[in-house]
Amino acid sequence: MSMSLQQSQKPVLMIVDDAPDVIKLLTTLLKTTYRTIIAGDGRQALSLLEAGAAPELILLDVMMPVLDGYDTCKALQQDPRWQQIPVIFLSAMTEEHDEETGLALGAVDYVTKPVNSAILLARVGTHLSLVRARKILQDENAHLEHLVKERTRQLGLVQDATIAAMAALAEARDNETGHHILRTQHYVRALALQLQTHPRFAAWLTDDNIESLFKSAPLHDIGKVAIPDHILLKPGKLTYEEFEQMKLHTVYGRDTILSVEKVLGATNSFLTFAREIAYSHQEKWDGSGYPQGLQGDDIPASARLMAVADVYDALISKRPYKEPFSHQMAFDLLRNGRGSHFDPDVLDAALAIEHEFLAIQHRFADDVAASAAE
């Protein structure tokens, strides 16, 4: 190994002292193991740091002209760039309160002059070892944090794919398309963002909850997988008995999500919203909906948002029993349901962003839905 390479691998120490004989003593003592940077006072030391000097440890005299050691240490501790550099005070001030002052300012050690060579070398070595141990720990923590983030990202992708597959299964049985899933997702998010500052909803509609709502919305009709085809796909009006059977898709959907929560032994906002939406999106503000006949604020807010999104998309979509309605006709029917079918504030939010609903419909249009909107 060349001499220059050996030199470059030595730890760098900064010596800050106004006494030439002390500087000579310290550089002679340290030169075998360390490289040294010399500053004659605190101001010069700070200037060297500003210019790019990067010592691993600073040996700092206390009594100096221009800027003494205590004030220099304060400046180091106040700057995030330098506050992690360990400082060892070197001073002829030997009173106990002097040492207490230095340590209180953030120094890691206090060595009295005249310097005992063995003691100084031992303490410098100890504190550099601590610096390296802390750096290794920080690197390991950063690596673990990266692994956790990557694992979380991968789990999120798996969750999203699973949700999409489950929702697509339900929609396929209902002769609907994945575009219905995408449209209702985006309607719900648009409504949530519109209501985020509304006094009734602000505390609930956090950014995290809005994201959970967006991800859970596709599962609103997951219970339809349990409805017989002769009912689900019937082109005409359902009989009373058939409609009672159709209503059970809300119960089946709730029970599906409950089974997931039971396996996990816990729940989270995503599963809670998915369960609420699946079970209660057919409830009506005036209490005339199903399966429980809930009224007003007894209906979960997540389901009230889903109700507007789902009804609008059902109106503009072709179904076995109806042709698609135009956007304008769909919104006229939504207005008629204000305060009866829909939460008035949620419906008002939809009316305020009607152009966003239309944009979402066009963005994720089925051929039939697109032609109907013209």
Side-chain angles (χ1 to χ4, degrees), residues 1-140:
M1 184 180 295
S2 68
M3 186 64 68
S4 60
L5 182 58
Q6 287 179 332
Q7 184 71 9
S8 67
Q9 290 178 338
K10 291 180 179 180
V12 179
L13 308 185
M14 178 179 282
I15 301 171
V16 188
D17 202 301
D18 64 322
D21 57 332
V22 173
I23 291 174
K24 183 177 180 180
L25 172 67
L26 292 176
T27 52
T28 302
L29 175 64
L30 298 168
K31 68 180 181 179
T32 302
T33 311
Y34 307 103
R35 287 185 293 150
T36 56
I37 303 170
I38 308 302
D41 58 57
R43 182 170 296 173
Q44 186 181 5
L46 295 176
S47 296
L48 288 170
L49 292 169
E50 284 284 0
E56 295 182 44
L57 183 143
I58 298 174
L59 298 173
L60 182 60
D61 186 24
V62 175
M63 300 298 292
M64 294 182 294
V66 185
L67 191 67
D68 69 20
Y70 289 155
D71 287 337
T72 303
C73 191
K74 288 179 185 177
L76 293 171
Q77 290 299 309
Q78 290 170 359
D79 195 310
R81 294 174 295 174
W82 309 321
Q83 60 189 196
Q84 296 301 317
I85 303 174
V87 173
I88 297 178
F89 276 120
L90 303 178
S91 178
M93 300 166 61
T94 58
E95 295 295 328
E96 185 175 324
H97 72 272
D98 296 322
E99 184 173 351
E100 290 175 353
T101 299
L103 296 176
L105 289 172
V108 298
D109 214 333
Y110 193 100
V111 176
T112 58
K113 295 178 180 179
V115 172
N116 181 300
S117 300
I119 290 176
L120 180 62
L121 287 172
R123 293 189 180 182
V124 167
T126 296
H127 290 295
L128 285 177
S129 294
L130 291 173
V131 168
R132 293 188 185 110
R134 184 173 66 235
K135 179 66 166 59
I136 290 171
L137 183 60
Q138 288 173 341
D139 290 345
E140 288 180 348

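These numbers come from the heavy atoms of this one structure, side chains and all, not from hydrogens, waters or symmetry mates.
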pair [X]-[Y]: side-chain heavy atoms closer than 4.5 Å:
X	Y	result
T101	M93	no
I88	V108	yes
D79	L49	no
L130	P86	no
R132	L128	yes
V22	D61	no
E56	K10	no
I58	W82	no

Report the distance from atom [atom1] of [X] to atom [atom2] of [Y], rounding to the nearest 0.5 Å.
X	Y	atom1	atom2	result
E140	Q138	CD	CD	11.0 Å
L67	D18	CG	CG	12.0 Å
D17	K113	CG	NZ	3.5 Å
D68	K74	CG	NZ	8.0 Å
F89	L105	CZ	CG	5.5 Å
Y70	L60	OH	CG	10.0 Å

Testing L30, L29, L26 for side chain to side chain contact (heavy atoms under 4.5 Å, CB included) with S117, which one passes?
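Looking at L30, L29, L26, the match for S117 under the side chain to side chain contact (heavy atoms under 4.5 Å, CB included) is L29.
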(Q) Checking side chain to side chain contact (heavy atoms under 4.5 Å, CB included) between M14 and each of L48, V87, T36, L59, which is the one that passes? (A)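 The passing option is L48.
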Show me the donor-acceptor pairs within less than 3.5 Å that the side chains of residues 38-46 make with the rest of the protein, sequence neighbours left out.
from	atom 1	to	atom 2	distance (Å)
D41	OD1	R43	N	3.0
D41	OD1	Q44	N	2.9
Q44	OE1	G40	N	2.7

Can you tell me which residue pairs pass the salt bridge (charged side-chain N to carboxylate O under 4.0 Å, His left out) test with a partner in residues 102-111, sequence neighbours excluded?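 Matches after skipping sequence neighbours: D109-R123.
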### Query
Considering residues at least two apart in sequence or located in another chain, which fulfil the ring pair (Phe, Tyr, Trp, His ring centres under 6.0 Å) criterion with Y110?
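Not a single residue meets the ring pair (Phe, Tyr, Trp, His ring centres under 6.0 Å) criterion with Y110.
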